[in-house]
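See below for the structure under consideration.
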There are 4 protein chains.
Amino acid sequence: MLNRVILIGRLTRDPELRYTPSGVAVTQFTIAVDRPFTSQGGEREADFIPVVTWRQLAETCANYLRKGRLTAVEGRIQVRNYENNEGKRVYVTEVIADNVRFLESSREGGSGNGGGAPREEAPYSGGGNRSTGNNSGGYSRGNQDPFSDDGKPIDISDDDLPF
Amino acid sequence: MLNRVILIGRLTRDPELRYTPSGVAVTQFTIAVDRPFTSQGGEREADFIPVVTWRQLAETCANYLRKGRLTAVEGRIQVRNYENNEGKRVYVTEVIADNVRFLESSREGGSGNGGGAPREEAPYSGGGNRSTGNNSGGYSRGNQDPFSDDGKPIDISDDDLPF
Amino acid sequence: MLNRVILIGRLTRDPELRYTPSGVAVTQFTIAVDRPFTSQGGEREADFIPVVTWRQLAETCANYLRKGRLTAVEGRIQVRNYENNEGKRVYVTEVIADNVRFLESSREGGSGNGGGAPREEAPYSGGGNRSTGNNSGGYSRGNQDPFSDDGKPIDISDDDLPF
Amino acid sequence: MLNRVILIGRLTRDPELRYTPSGVAVTQFTIAVDRPFTSQGGEREADFIPVVTWRQLAETCANYLRKGRLTAVEGRIQVRNYENNEGKRVYVTEVIADNVRFLESSREGGSGNGGGAPREEAPYSGGGNRSTGNNSGGYSRGNQDPFSDDGKPIDISDDDLPF
DNA sequence: TTTT
DNA sequence: TTTT
């Protein structure tokens, strides 16, 4: 009935821009948010939270965000689930963002990632997302996960868009 | 660096109260939060979001919350991970709540679950949590999951407490 | 750069619906939000926070909200200022809401205000708003306050709309 | 019943640290938060939102925040009121912060305010707050306003502390 | 495994 | 001017 999340943290990698078959942009990235306390061993800990953006916001994020950049994200928690190739139901929790603020310009900060001007075309960043196995699924219930296991966009229609 | 979540929804079941070996109370429940739009098929959808509370708040939740009750939850997103018994890393996302508001008193609303006065002793609710297999783990990195696979509290020290 | 507010409380009066000259609906109400602690004298205290909604949401609020109803409000803080008739600058802080949830249906709760079905036409609720003096102003800087001192809508154009 | 605010913006001045008679630290500053749209004239607009912090957080803010610094603030809206010297009731809305994040270190950004290392002793910054007249009041109802009209801390007890 |  |  009400579902609001606000996060401030740093990108763990460059964002990944894809397109649905009908041409809608969708970008995924993970932000590391430091916890407000240290573990019993005295180490700083962080939560690594997956974020998804759609449409215009997806393209802006792909153009301006880079690994290590401090970023504010506003959105809602979404929990989707799919059956994996072993017939087991897998739950995936993501933040569907509707507002992203770039708290560091390309000039400053960051994690030594050269960086500089925004890239005009977000190049394909290759495989390596969190899921495993050769299945895909994940959309049996109208949810949004643009990422198949081989790193190619999977089949989603515009009707899957969250707003 | 900043991690804030606010949810309003309904409990999908009665909450489960457990205690850590050192006697700290911890309560888990899931709230169903209706999405602000319907799916392409016109059906209402919801996200089912797991919530964890600790200490005094855990006991208050166990005493006053019941299945179906409208509830506001404030907290932070926590992502923990553990290796399951097949050697695969499993990610679990929960909201660690520090503020819970009961938006329906025991008198009104609810889902016809008898209910009424708060129970004085939260009875043990037994098995059936989300994890599978006979392992346990989940705490290799100082994270908080009080629930083992056989429904018994697992070994956590007070140092695991989030605040 | 980011400005987000979430409140849960009760209406102190029925909401007031007005229209701008160009016909845009705008509704104002105040919600009382209990503080999480008591004063030194042991009394419960509350903050009384003015809320403004626009367009479709304004009409829905006017139709379904009533004095005493428990309500969740999501929006942003807006601070506008104007020069009053004594030449003094007055600051007004309001929450401009973009999401309002009715946590009590007309059936239950409420403050014994008869109530029941939503009114089809929100009747004119007359004077008595917060400002004083016979001036009006308040819009010298493109801000939104639809309420003049004599209880009549003042001159705002569609361009004043916040979204 | 629930009252949560999250803001990201820049300080309009250096923060002002004061102490209550019993020695509790309290710091006030204003942050400018750009609106998500431009006015009809195409100008960027901002809301100027007063923030109050207490105790340890007050001292940290006084030591590390400076004019122009990008800052995240988490807290609750508080509306207090007092009778001014003309016998008129004045309403003051502030954000009582319980979490402040410094999004720019002393090295980078800022508004050319020399700056650098945190000051060890927050010097008295003198008069010039928003209130006017020679009265004071403002605390008849157990509210927290550490600022009297002549810029000196006024009489508040520890009991006025919000948490 | 899901709530109204 | 304030709600339960």
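Lettering follows sequence order; numbering is per chain, from 1.
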Starting from [atom2] on [N], measure out to [atom1] on [X] and report it in whole angstrom.
X	N	atom1	atom2	result
C:I31	F:dT1	CD1	P	20 Å
B:R44	E:dT3	CZ	P	13 Å
C:R101	E:dT3	CZ	P	20 Å
C:D47	F:dT2	CG	P	14 Å
B:Q28	E:dT3	CD	C1'	14 Å
C:L11	F:dT3	CG	P	11 Å
A:Y82	E:dT1	OH	C1'	19 Å
C:I8	F:dT3	CD1	P	20 Å

Have B:Y19 and B:E59 got a donor and an acceptor in their side chains that come within less than 3.5 Å?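 Distance-only check passes for B:Y19 and B:E59.
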
Does C:D34 reach the side chain of C:D47, with side-chain heavy atoms less than 4.5 Å apart?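 When only atoms from C-beta onward are counted, C:D47 and C:D34 do not touch, as no gap falls below 4.5 Å.
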
Looking only at side-chain atoms of [X], point me to the closest of [options].
X	options	result
D:Y91	F:dT2, E:dT2, E:dT3	F:dT2
C:T30	F:dT3, F:dT2, E:dT2	F:dT2
B:T12	F:dT1, E:dT3, E:dT1	E:dT3
A:R89	F:dT2, E:dT3, E:dT1	E:dT1

Pair C:V92, C:N81 - check side-chain contact (heavy atoms from CB on, under 4.5 Å), show working. CA-CA 6 Å; C:V92 180; C:N81 66 82; over 6 Å; no

Can you tell me how far the CZ atom of B:F29 sits from the CZ atom of B:R10, to the nearest 0.5 Å?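 Between atom CZ of B:F29 and atom CZ of B:R10 there are 14.0 Å.
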
